[in-house]
**Q** 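Quick one: this structure, given as structure tokens, is what I'll be asking you about.
Side chains included, hydrogens not; waters and symmetry mates left out as well; all remaining heavy atoms used. Worth saying up front: this structure is predicted, and the values here are computed from it rather than measured. Naming convention: chains lettered A, B, ... in sequence-line order (proteins, then strands); numbering from 1 in each chain.
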2 protein chains.
Amino acid sequence: MIDRSCPGAIEPILEILDGKWTLLLLLELFDGTKRFGELRRKLHPISPKTLTDRLRLLEDKGIVTRTLYPGVPLHVEYELTERGQRLQPIFAAMWAWVQENGVCPGKEAENISPEEAGSL
Amino acid sequence: MIDRSCPGAIEPILEILDGKWTLLLLLELFDGTKRFGELRRKLHPISPKTLTDRLRLLEDKGIVTRTLYPGVPLHVEYELTERGQRLQPIFAAMWAWVQENGVCPGKEAENISPEEAGSL
DNA sequence: TGCAATAGTTTCAAAAAATGAACTATGGAG
DNA sequence: CTCCATAGTTCATTTTTTGAAACTATTGCA
């Protein structure tokens with residue numbers, strides 16, 4: 001389980017998972033390769049600055065790769081590395097916890113009024 | 001595994017795990033009931049304000065309980081709830097990731113010079 | 001030449017989080 | 001009446017993070 005003799009050892013992962021958008025961003029990437037604009041839309045209203053900041057950090061930590069495709073218009077794809085894929089169990093554990101203890105916002109959204117629904 | 005149809009569902013846990021000291025604090029509490037001063041020493045140099053802020057938040061979210069023991073000197077004990085205990089698998093998954101991909105700072109500390117060691 | 005579409009960067013302001021130092025509260029012992 | 005030890009609180013300041021708006025870069029096409 002958890003090795004209590006080396007408490008500082010979780011720090012590398014704290015650096016990776018830290019930041020307002022990081023977990024949501026990683027969730028998107030678990031779903032597969034994504035382009036910059038696509039991530040921006042799915043994580044709306046994230047700012048482009050914050051998105052690049054996060055992606056650069058994850059790149060530095062070896063969690064994602066950035067691939068530029070020249071051509072018109074150019075585009076860029078972000079993809080999880082092997083190392084990044086291995087983060088999935090952490091999310092699965094979070095997910096399991098939420099199932100048992102949290103609430104899924106979607107469930108309550110089922111009975112929103114038509115007017116509210118229209119504005120989405 | 002992860003339910004992609006309900007992406008917003010991880011948010012409750014983001015609120016719980018957020019903050020510079022939270023994960024380290026929870027690690028301490030997994031080890032057992034702890035008093036305020038004890039946590040403060042183990043998490044040094046955390047400020048008392050930050051520590052109370054975190055503990056209050058965790059209390060509000062039903063993750064820890066606070067028990068006051070009157071008497072002289074008075075003392076307070078913080079303990080994980082059942083709900084809080086169930087967060088352990090998340091940490092275990094983080095730990096496993098670090099084992100495979102990260103570095104344990106302790107390992108490198110084995111060959112520090114005597115002068116450096118003396119200052120600890 | 002200038003526009004369209006992608007993916008950013010830059011700069012500055014605003015908001016949120018953490019820190020540090022000093023102070024409060026409790027209650028018995030001396 | 002003061003002191004000790006515990007567990008905080010308060011407030012001003014600093015540091016860190018996030019955000020918004022406007023601007024840059026690339027390259028083919030009309």
**Q** Hey, is A:Arg56 close enough to A:Asp53 for a salt bridge, meaning N to O under 4.0 Å?
**A** no
**Q** Consider the side chain of B:Thr50, meaning its heavy atoms from C-beta on, and name the nucleotide among C:dG27, C:dA18, D:dT18 that approaches it most closely.
**A** C:dA18
**Q** Per the ring pair (Phe, Tyr, Trp, His ring centres under 6.0 Å) rule, what does the pair list look like for residues 32-65 of chain A, sequence neighbours excluded?
**A** none
**Q** Test your reading of the model: is there a side-chain donor-acceptor pair from A:Thr33 to the backbone of A:Glu79, 3.5 Å cut-off?
**A** no
**Q** So what does B:Val76 touch, heavy atoms closer than 4.0 Å: a base, only the sugar-phosphate, or nothing?
**A** sugar-phosphate
**Q** Among D:dG8, C:dG20, C:dG28, which nucleotide sits nearest the side chain of B:Tyr78?
**A** D:dG8
**Q** Please determine, for the side chain of B:Trp21, which listed nucleotide (D:dG19, D:dA7, C:dA18) has the closest atom?
**A** C:dA18
**Q** The side chain of A:Pro48 lies closest to which of these nucleotides: D:dA7, C:dT9, D:dT9?
**A** C:dT9
**Q** At under 4.0 Å, does any side-chain N or O of B:Ser47 touch on OP1 or OP2 of C:dA18?
**A** no
**Q** Starting at atom CG of A:Asp53, determine the distance to atom P of D:dT16, rounded to an integer number of angstrom.
**A** 15 Å
**Q** Given atom NE2 of B:His44 and atom C1' of C:dG20, what is their separation to the nearest angstrom?
**A** 12 Å
**Q** Nearest whole Å is fine: how far is D:dT16 C1' from B:Asp18 CG?
**A** 13 Å
**Q** Kindly say if A:Lys49 contacts the phosphate of C:dC12, meaning a side-chain N or O under 4.0 Å from OP1 or OP2.
**A** no
**Q** For B:Lys61, is there an ion pair with B:Glu15 - N to carboxylate O distance below 4.0 angstrom?
**A** yes
**Q** Quick one: is A:Thr52 getting a side-chain N or O under 4.0 Å of the C:dA7 phosphate, OP1 or OP2?
**A** no
**Q** Expressed as a whole number of angstroms, how long is the span from A:Leu74:CG to C:dT6:C1'?
**A** 5 Å
**Q** Checking contacts here: which listed nucleotide (C:dA18, C:dT6, D:dT18) is nearest the side-chain heavy atoms of A:Lys20?
**A** D:dT18
**Q** So which one's nearest nucleotide on DNA chain D is more toward 5', B:Gly37 or A:Pro45?
**A** B:Gly37
**Q** For B:Ile46 and D:dG8, what is the distance between atoms CD1 and C1' respectively, to the nearest whole Å?
**A** 13 Å
**Q** Is the backbone of B:Arg35 close enough, under 3.5 Å, to the side chain of B:Glu38 for a donor and an acceptor to pair up by distance?
**A** yes
**Q** For DNA chain C, what residues of residues 59-70 of chain B have any heavy atom nearer than 4.0 Å?
**A** none
**Q** Counting any heavy atom closer than 4.0 Å, what does A:Arg35 reach on the DNA or RNA strands: base, sugar-phosphate only, or nothing?
**A** sugar-phosphate
**Q** Please determine, for the side chain of A:Arg56, which listed nucleotide (C:dT10, C:dG8, D:dT9) has the closest atom?
**A** C:dG8
**Q** Among the clusters formed by ILVMFWY side chains lying less than 4.5 Å apart, do A:Leu14 and B:Ile46 turn up in the same one?
**A** yes
**Q** Examine distances only and state if a side-chain atom of A:Lys34 and a backbone atom of A:Glu28 form a donor-acceptor pair shorter than 3.5 Å.
**A** yes
**Q** Between B:Glu77 (CD) and D:dT6 (C1'), how many Å, whole number?
**A** 13 Å
**Q** Counting N and O atoms only, with roles assigned by atom type, does the side chain of A:Trp97 sit under 3.5 Å from a partner on the main chain of B:Arg83, one being a donor and the other an acceptor?
**A** yes
**Q** Between C1' on C:dT6 and CD on A:Glu38, what's the gap in Å once rounded to a whole number?
**A** 13 Å
**Q** Students often get this wrong, so: under 4.0 angstrom with heavy atoms, is A:Gly71 touching a base, only sugar-phosphate, or nothing?
**A** nothing
**Q** Output the rounded distance in Å from NE2 (B:His75) to P (D:dT6).
**A** 11 Å
**Q** So, does A:Arg40 get its side chain near the phosphate of C:dG8, meaning an N or O under 4.0 Å from OP1 or OP2?
**A** no
